[in-house]
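Note on naming: letters A, B, ... go to the chains in the order of the sequence lines (proteins, then strands), and numbering restarts at 1 for each one.
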Amino acid sequence: MKNADETRPVDPFFEQVYAVVARIPPGQVMAYGQIARVLGFPRSARQVGRAMRHCPDGLPWQRVVMANGDITGGVYAPLRRAMLEQEGVYFLPDGRVDMARCRWQGKPEDTENK
DNA sequence: CCATTGACGAAGA
DNA sequence: TTCTTCGCCAATG
């Protein structure tokens, strides 16, 4: 049994989004469009954001930010920023995430052995 | 079925 | 570099 009893319909796209987000290592972040691209839907950045809006507990939703490094989440945006800061994410003086240094490639292909 | 909205992103001014 | 506009795509009214 999987979700027959669950009143929540499981969308493959949503599940994939959650899977990728769960793989983001501490100190690194990913953009909505970047996640969509990894899943094979480079035009569905907004749908990724829609999935994050319904993000389940246990998911590092704080590591998902905008492509320009801006943080979403409304009133919780500053909270997310503090959590990322605690993980070692670099920030710009403007309060945005330093994507140039913290953007996760999504595919670690031999990070040490280059 | 059409109009509006949205945790996006790139391009233009 | 900041602000505005347009395009994408699905959900909602």
Enquirer: Would you kindly give the CZ-to-C1' distance between A:F41 and C:dC9, to the nearest whole Å?
Expert: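 In whole Å, C:dC9 C1' lies 11 Å from A:F41 CZ.
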Enquirer: Please state how far atom CG in A:L39 lies from atom P in C:dC9, giving the value in whole angstrom units.
Expert: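 About 15 Å, once rounded to whole Å.
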Enquirer: Taking CD1 from A:I71 and C1' from B:dA7, how many angstroms apart are they, rounded to a whole number?
Expert: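 Result: 12 Å.
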Enquirer: With sequence neighbours excluded, tell me which residues meet side-chain contact (heavy atoms from CB on, under 4.5 Å) with A:Q28.
Expert: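 Expected list: A:I24, A:P25, A:C102, A:W104.
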Enquirer: Is any side-chain N or O of A:R43 closer than 4.0 Å to OP1 or OP2 of C:dC8?
Expert: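 False: A:R43 side-chain N/O out of range (4.0 Å or more) of C:dC8 OP1/OP2.
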Enquirer: What nucleic acid atoms does A:G33 come within less than 4.0 Å of, heavy atoms only: base, sugar-phosphate, or nothing?
Expert: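 Contact class for A:G33: sugar-phosphate only.
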Enquirer: Does A:Y90, at its OH atom, have more than 12 non-hydrogen atoms belonging to other residues, nucleotides or ligands within less than 6.0 Å?
Expert: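 No, because the 6.0 Å sphere around OH of A:Y90 holds 12 heavy atoms or fewer from other groups.
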Enquirer: Classify the nucleic acid contact of A:D94 as base, sugar-phosphate or nothing, counting any heavy atom under 4.0 Å across all strands shown.
Expert: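 Here A:D94 touches the backbone only, sparing every base.
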Enquirer: With sugar-phosphate meaning primed atoms plus P, OP1 and OP2, does A:R37 contact a base, only sugar-phosphate, or nothing at under 4.0 Å between heavy atoms?
Expert: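 Since no nucleic acid heavy atom lies under 4.0 Å of A:R37, the category is nothing.
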Enquirer: Contact class for A:A31 (heavy atom, under 4.0 Å): base, sugar-phosphate, or nothing?
Expert: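 Sugar-phosphate contact only.
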Enquirer: Between atom OH in A:Y32 and atom P in C:dG7, what is the gap in whole Å?
Expert: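 The answer, rounded to whole Å, is 24 Å.
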Enquirer: Base, sugar-phosphate, or nothing for A:M66, non-hydrogen atoms under 4.0 angstrom?
Expert: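 Contact class for A:M66: sugar-phosphate only.
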Enquirer: Provide, to the nearest angstrom, the distance between the CD atom belonging to A:Q47 and the P atom belonging to B:dT5.
Expert: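 About 17 Å, once rounded to whole Å.
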Enquirer: How many whole angstroms separate atom CD of A:Q34 from atom P of B:dA10?
Expert: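 Rounded to the whole Å, the gap is 10 Å.
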Enquirer: Any idea how A:F14 and A:H54 line up, ring-wise: parallel (<30°), tilted (30 to 60°), or perpendicular (>60°)?
Expert: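 Because their plane-to-plane angle lies in the 30° to 60° range, the rings of A:F14 and A:H54 count as tilted.
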Enquirer: Kindly indicate whether the side chain of A:R46 and the base of C:dC8 share any N or O donor-acceptor pair separated by less than 3.5 Å?
Expert: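 Result: at least one qualifying N/O pair found.
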Enquirer: Look up atom CZ in A:R103 and atom CG in A:D98, then write down how far apart they are to the nearest 0.5 Å.
Expert: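 Reported value, rounded in 0.5 Å steps: 11.0 Å.
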Enquirer: Rounded to whole Å, please give me the gap between CZ in A:R96 and C1' in B:dA7.
Expert: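 Distance check: A:R96 CZ to B:dA7 C1' gives 17 Å.
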Enquirer: If I take atom CZ in residue A:R53 and atom P in nucleotide C:dA10, what distance separates them, rounded to the nearest angstrom?
Expert: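 So the two atoms are 17 Å apart, to the nearest Å.
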Enquirer: Got a sec, which residues hit side-chain contact (heavy atoms from CB on, under 4.5 Å) with A:F91, two or more places apart in sequence or on another chain?
Expert: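 Per chain and number, A:F91 pairs via side-chain contact (heavy atoms from CB on, under 4.5 Å) with A:I71, A:R81, A:L84, A:E85, A:V89, A:V97.
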